[in-house]
Amino acid sequence: MVKAHGLVVAAAILLAAVAQAEVTTDRSSSLLLFPRIVAGGGTDTIIQLSNTSNNGRHAACFYVAGESTGSPPTLPVVRFDVSLVKQQPTHWSVASGRSVDPTDLPCAPGRTECYGAGLDPGTIPAVPVFSGSLICVELDASGFPVPGNTLRGRAIVQESDGSLGGYNAIGFVGFDTNNMDDILCLGGTTDPSCPAGAEYEACATEWILTHPSDGANDPIVGTGSTQQTVLTVASCGADLVARQPTPLTLQFVLTNEFEQSFTTSTTVSGWGDIPLGTVDPIFLRGNIGSDLIYTNIQAPSGSPPFVVVARTLVQAALDATPVATAINLHSIGSTTTAVLIRLPQPEEGR
Amino acid sequence: MLRRANIRNTLAAQFGGGFLTLVVFLLSGTLPALASDPVASPDPPAAILVYPYIVTDASLGEDTIVEVTNVGQPVSVECFYVGGDGPQAQLIQFSFHLTTHQPVAWRASSGLSQFVLGGVPIFGVPQQGNGNSFVPAIPSDTFVGSLRCITVDGNGYPVAVNALVGSARIEQYESSSPQSLRIASYRAVGIQALPGTGTSYPTLILGGPGPQYQACPSVLILDHFEDGATLESTGQPQQVTTTIALVPCSVNLASPGDSNSVLLLEQYNEFGQVTGTRQTMGTQLVRPLSELGAGSGGRSLFQATVQGTLMGQTRITSAEGSAPLGVAIESHRFTDSDHVSTAAFTLYRQGNSSYQDVITFPVRVDPTPPPTEIPTATPVPTATDPPLVTATCDGDCDGSGDVTVVEIITMLNITLGTAGPSACPNGIPAGAKVDISLIIQAVNHALNQCPS
């Protein structure tokens with residue numbers, strides 16, 4: 001899945017003035033991307049989804065598998081619909097799903113195991129084994145995309161070691177230009193696929209993350225501990241009809257604490273976990289020469305943009321189980337050409 | 001500071017009792033519709049970073065790793081820890097300078113007495129180093145407070161430079177058997193300076209009339225599991241509790257104990273039912289949800305057994321005083337093993353407050369000088385040229401016994417003048433200059449091996 005490119009090339013790169021980013025992780029939106037959803041093998045992901053408006057809202061959600069299967073190979077996509085009354089929060093476990101069961105008993109003293117209590121958002125299929133991403137699109141009552149900007153999401157990934165990795169879904173605010181067709185236009189200008197121009201905020205051009213160098217001691221645990229950072233990357237655009245993975249190229253510019261810069265790159269087939277230490281040895285403490293790295297991640301010109309979340313694994317000792325913590329990256333800038341998300345037609349499951 | 005006393009009296013009056021069920025039906029439209037704000041995205045680098053929760057507790061092995069990164073050109077940063085409340089409020093002020101794209105991190109309990117590029121000037125450019133940079137250790141074993149960092153010029157005056165991103169990692173580590181480690185990370189809240197508006201001193205204006213910085217949010221939203229909720233994800237039953245840490249967006253750093261706000265917390269459960277409570281906040285509010293909104297029976301409205309569902313959405317607004325900013329720390333206790341895992345997250349911000357919030361700087365004081373005795377537990381290279389040791393292997397910058405590609409690149413950088421000799425403390429023979437012959441020698445050592 002991940003293919004590291006060879007030699008590190010040193011470069012002293014001064015980035016230009018910072019442009020305003022468009023995607024958001026802490027405001028309500030009409031399109032949510034969850035880059036890392038896993039289930040099975042002792043892991044599970046709990047999704048929290050909320051309607052922040054005073055009206056009922058609907059959404060179509062799609063689990064998009066990270067790897068192709070079948071012949072010809074396509075990405076398995078699982079679609080389900082969600083309806084929320086005003087201000088309603090809901091949640092589900094990816095592995096367990098959530099059924100519509102009006103007889104679910106509410107939580108009560110002595111009954112705190114009450115999964116399913118509350119207004120069920122719809123039938124959410126169980127996906128016991130899964131690695132990939134989740135896309136949720138706000139719809140009107142007739143099933144057409146609308147720019148209500150009322151959705152918010154969060155994922156809590158339970159790792160097999162019991163640790164938690166929580167991150168906010170990456171949101172794209174919708175614009176009133178939305179023509180409600182099956183092609184969602186993220187950024188860009190008017191073109192045949194996007195006759196109304198941008199319908200949602202653009203994808204980010206750069207993601208930035210400060211993280212420990214691989215193998216650096218955890219400052220609190222101290223000597224003998226190690227840290228490792230893993231990115232999960234997913235394509236910003238998606239064709240849920242053709243369901244083909246989008247080859248992604250990630251260019252990294254690393255700056256250590258001594259203001260030395262290095263570059264490297266890697267490729268991913270649509271979705272993947274990327275332990276930074278496997279991309280290039282420059283991410284290792286012994287090579288980069290400092291405990292901290294400021295990493296800027298971009299797609300090369302003309303290459304599809306992506307979304308990213310990160311997690312750091314801390315191993316207190318050689319024989320200790322790593323403990324994970326997740327964090328959203330900051331974004332800078334936005335793509336100037338439209339990135340598309342193509343939804344299935346109704347007969348295709350819409 | 002503009003006060004919000006008497007604002008939203010009608011709504012506030014409804015919350016007069018601490019624990020009051022307001023509405024128990026789904027579609028009544030009692031709350032104003034809140035438009036999202038597609039313009040002021042909070043994710044980009046900012047001029048002000050707010051870390052709502054910084055904690056150290058030596059007895060519990062708990063500490064916070066604070067990280068700040070400059071994503072732009074060299075910039076100075078003025079930071080303020082605020083702990084305690086009322087007359088006991090405590091302010092710790094410090095400043096540092098960051099070079100282009102430089103990340104820095106420190107443990108709250110120990111600070112950072114020596115920055116890696118601590119000498120000035122560096123490479124002949126006075127503003128390129130970390131001169132006069134110093135992060136003090138929090139001087140008590142136990143601290144619960146917040147941190148604000150603001151971009152300033154070389155004289156300590158605020159500048160509208162949106163160059164900072166930051167995060168905090170709260171860890172609790174017990175080395176004794178059974179060893180345990182809990183980690184929760186959150187991103188600092190960024191507040192951007194507005195283009196073309198300039199800054200002022202000693203007050204920074206956030207939103208409202210004549211804003212210099214982004215407005216504070218009108219609503220803060222917490223999506224949370226109800227306290228005591230039992231989840232069975234991955235087949236392991238676990239009980240969830242959540243602690244919130246809120247701070248006022250406005251703060252008078254000259255007198256931080258004066259902060260006083262009244263917050264309204266409206267909670268929607270998974271039935272769409274809404275309940276509410278009100279809560280006062282001084283310099284900070286750190287509280288488990290289960291201790292908020294307790295009714296006459298002592299049970300909190302944030303408990304699963306009170307709400308009847310496992311999840312809630314709580315909207316936090318200000319009825320009086322400053323708008324809040326905040327984070328939440330979620331703990332999952334596995335009932336089979338008693339193991340606890342944690343995660344933290346920054347609360348959602350919705351809308352822009354139409355009121356003016358301000359941050360007032362304290363009276364200027366001379367910068368705290370670095371201590372004369374610097375701990376040397378972790379030797380780090382500095383920008384000032386250190387005495388060069390006699391190299392046993394040309395190019396072996398870290399003294400590891402071999403020469404890597406990175407070390408050769410470091411030597412190239414030294415030759416080009418983009419790095420100083422201090423970047424290769426062990427790989428340059430005493431008195432030698434880094435030139436092509438030395439680099440060739442280093443390449444030979446990389447291809448073969450260092451002389452024994």
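Naming: A, B, ... by sequence-line order, numbering from 1 per chain.
- In terms of non-hydrogen atom pairs under 4.5 Å with chain A, the most contact-rich of B/Val165, B/Val68, B/Thr342 is B/Val165.
- Here the CG-CD distance, from A/Asn51 to B/Gln313, works out to 7.5 Å after rounding to the nearest 0.5 Å.
- For B/Leu310, the parts lying near chain A are the backbone and the side chain together; criterion is any non-hydrogen pair under 4.5 Å.
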Does the pair A/Val85 and B/Tyr268 meet the rule for a side-chain contact (heavy atoms from CB on, under 4.5 Å), with working shown? CA-CA 10 Å; A/Val85 300; B/Tyr268 290 79; over 6 Å; no

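- Annotation: side chain of B/Arg169 is in contact with side chain of A/Asp218 (closest heavy-atom distance under 4.5 Å).
- Atom OG1 of residue A/Thr90 and atom CE of residue B/Met311 lie 7.5 Å apart, to the nearest 0.5 angstrom.
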Between A/Ile220 and B/Arg107, does the side-chain contact (heavy atoms from CB on, under 4.5 Å) criterion hold? Intermediate values first, please. CA-CA 7 Å; A/Ile220 292 173; B/Arg107 281 178 68 166; 3.8 Å; yes

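- Checking A/Gln158 against B/Gln238 by side-chain atom types alone, a donor-acceptor pair falls below 3.5 Å.
- Note: B/Glu226 CD to A/Cys107 SG = 8.0 Å, rounded to the nearest 0.5 Å.
- Within the 4.5 angstrom heavy-atom criterion, only backbone atoms of B/Val104 (N, CA, C, O) approach chain A.
- The shortest heavy-atom contact between B/Ala343 and A/Gly166 is CB-N, 4.3 Å.
- When all heavy atoms of B/Thr305 and A/Ala108 are compared, the closest pair comes out as CG2-O, 3.2 Å.
- The side-chain heavy atoms of A/Ile332 and B/Pro45, taken from C-beta on, include a pair separated by under 4.5 Å.
- When each of A/His91, A/Arg152, A/Gln48 is checked for a side-chain hydrogen bond (donor to acceptor under 3.5 Å, both in side chains) with B/Asp223, only A/Arg152 meets the rule.
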When you look at B/Glu232 and A/Tyr115, which way does the side-chain contact (heavy atoms from CB on, under 4.5 Å) test go after all the steps? CA-CA 8 Å; B/Glu232 295 200 41; A/Tyr115 184 67; over 6 Å; no

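- Within the 4.5 Å cutoff, side-chain heavy atoms of A/Ile46 are placed close to those of B/Phe225.
- By the 6.0 Å contact criterion, CG on A/Asp176 is open, its count of non-hydrogen atoms from other residues, nucleotides or ligands being 12 or less.
- In this structure, chain A has no heavy atom under 4.5 Å from any part of B/Ser110.
- Residue contact with chain B, scored on non-hydrogen atoms closer than 4.5 Å, is absent for A/Ala39.
- Ranked by heavy-atom pairs under 4.5 Å with chain B, the list A/Thr321, A/Asp104, A/Val221 is led by A/Val221.
- Looking at A/Leu292, the atoms closer than 4.5 Å to chain B (heavy atoms on both sides) sit in the backbone and in the side chain alike.
- With rounding to the nearest 0.5 angstrom, the CG atom of A/Asn168 is 14.5 Å from the OH atom of B/Tyr186.
- Shortest non-hydrogen contact noted between B/Arg315 and A/Thr52 is NH1-O, 3.6 Å.
- In this structure, OG on A/Ser225 lies 9.0 Å from CG on B/Leu181, to the nearest 0.5 angstrom.
- By number of non-hydrogen pairs under 4.5 angstrom with chain A, the leading residue of B/Leu231, B/Thr69, B/Asn70 is B/Thr69.
- In this structure, CG on A/Leu84 lies 9.5 Å from CD on B/Glu270, to the nearest 0.5 angstrom.
- Counting heavy-atom pairs under 4.5 Å between each of B/Ser109, B/Ala184, B/Ser185 and chain A puts B/Ser185 at the top.
- Within the 4.5 angstrom heavy-atom criterion, no atom of B/Gln172 approaches chain A.
- Residues of residues 325-335 of chain B lying under 4.5 angstrom from chain A, judged on non-hydrogen atoms, are B/Glu330, B/His332, B/Phe334 in numerical order.
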Passes side-chain contact (heavy atoms from CB on, under 4.5 Å), B/Tyr173 versus A/Val314? Steps please. CA-CA 11 Å; B/Tyr173 177 58; A/Val314 179; over 6 Å; no

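- Only the backbone of A/Asn256 comes within less than 4.5 Å of a heavy atom in chain B; its side chain stays farther off.
- At a threshold of 4.5 Å between non-hydrogen side-chain atoms, the residues A/Ile327 and B/Arg187 count as touching.
- The choice from A/Gly41, A/Gly162, A/Ala95 that makes the most heavy-atom pairs within less than 4.5 Å of chain B is A/Gly162.
- For A/Thr43, the part sitting under 4.5 Å from any heavy atom of chain B is the backbone (N, CA, C, O) and nothing else.
- Of the two parts of A/Pro212, only the side chain, counted from C-beta on, holds a non-hydrogen atom closer than 4.5 Å to a non-hydrogen atom of chain B.
- Of the listed residues (A/Cys114, A/Gly116, A/Ser93), the greatest number of heavy-atom pairs within a distance under 4.5 Å of chain B belongs to A/Cys114.
- Checked against side-chain hydrogen bond (donor to acceptor under 3.5 Å, both in side chains), B/Gln307 has the following partners two or more places apart in sequence or in another chain: B/Asn269, B/Thr275.
- Contact detail for B/Gly308 and A/Ala117: the closest heavy-atom pair is O-CB, 3.3 Å.
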